[in-house]
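Handing you a structure now.
Keep in mind that the numbers below use all heavy atoms, side chains included, and drop hydrogens, waters and symmetry copies. Numbering of residues begins at 1 and proceeds along the displayed sequence.
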Amino acid sequence: MILNFVLKYIGFVAAFCTTFAFLPQAIKVWKTKSTKDISLFMFIIFTFGVFSWLIYGISISDKPIILANSITLVLSLFILIYKIKYK
């Protein structure tokens with residue numbers, strides 16, 4: 001019982017860290033309109049992976065996975081759209 005509680009919050013902390021790590025990059029892309037140093041192929045693969053994690057999280061009803069990957073998907077799509085738009 002206590003272990004599950006602790007693990008759930010570890011999951012939320014991990015989700016927060018890995019999700020919001022993208023925020024500085026998204027802000028930089030938005031301000032500079034520059035994505036020249038970002039690999040398009042890597043971001044396509046990454047975005048697909050995040051989308052897959054989101055589907056998985058939904059299928060097992062895991063809130064940390066759903067929350068983290070929902071936000072990461074939005075940030076990743078934002079960067080990916082700018083990468084394509086300002087190529």
Side-chain angles (χ1 to χ4, degrees):
M1 177 82 173
I2 292 174
L3 180 60
N4 286 340
F5 178 80
V6 170
L7 290 176
K8 181 172 276 200
Y9 281 96
I10 288 173
F12 276 112
V13 169
F16 177 83
C17 292
T18 58
T19 296
F20 286 98
F22 276 86
L23 195 55
Q25 185 67 56
I27 291 170
K28 183 177 181 183
V29 166
W30 179 59
K31 285 182 177 180
T32 65
K33 308 286 191 271
S34 175
T35 59
K36 69 178 184 151
D37 294 329
I38 297 172
S39 167
L40 176 62
F41 188 59
M42 185 281 291
F43 247 82
I44 289 170
I45 294 168
F46 177 79
T47 303
F48 180 76
V50 170
F51 176 73
S52 299
W53 272 114
L54 177 58
I55 298 302
Y56 173 73
I58 291 168
S59 73
I60 64 169
S61 300
D62 188 291
K63 287 184 176 95
I65 293 175
I66 294 168
L67 180 62
N69 287 290
S70 295
I71 296 168
T72 304
L73 184 60
V74 169
L75 294 171
S76 181
L77 284 171
F78 174 80
I79 294 169
L80 186 59
I81 289 167
Y82 265 65
K83 177 67 179 171
I84 293 166
K85 184 176 179 180
Y86 294 105
K87 193 169 187 182

Connected via hydrophobic side-chain network under 4.5 Å: F22 and F20: yes
Side-chain cluster (under 4.5 Å, hydrophobic types only) that V74 belongs to, other residues: none
Aromatic ring proximity Y82/F78, centre distance under 6.0 Å: yes
Side-chain heavy-atom pair L80, I38 within 4.5 angstrom cut-off: no
From L75 atom CG to I27 atom CD1, the distance as rounded to the nearest 0.5 Å: 9.0 Å
From Q25 atom CD to K28 atom NZ, the distance as rounded to the nearest 0.5 Å: 6.0 Å
Neighbour count >12 (heavy atoms, 6.0 Å) for atom NZ, K33: yes
Pairwise side-chain hydrogen bond (donor to acceptor under 3.5 Å, both in side chains) hits with a residue in residues 4-22, at least two apart: T19-T72
Contacts table for residues 40-67: side-chain donor-acceptor under 3.5 angstrom, sequence neighbours left out:
residue	atom	partner	partner atom	Å
T47	OG1	F43	O	2.7
T47	OG1	S76	OG	2.5
S52	OG	F48	O	2.9
S59	OG	Y56	O	2.7
D62	OD1	I65	N	3.1

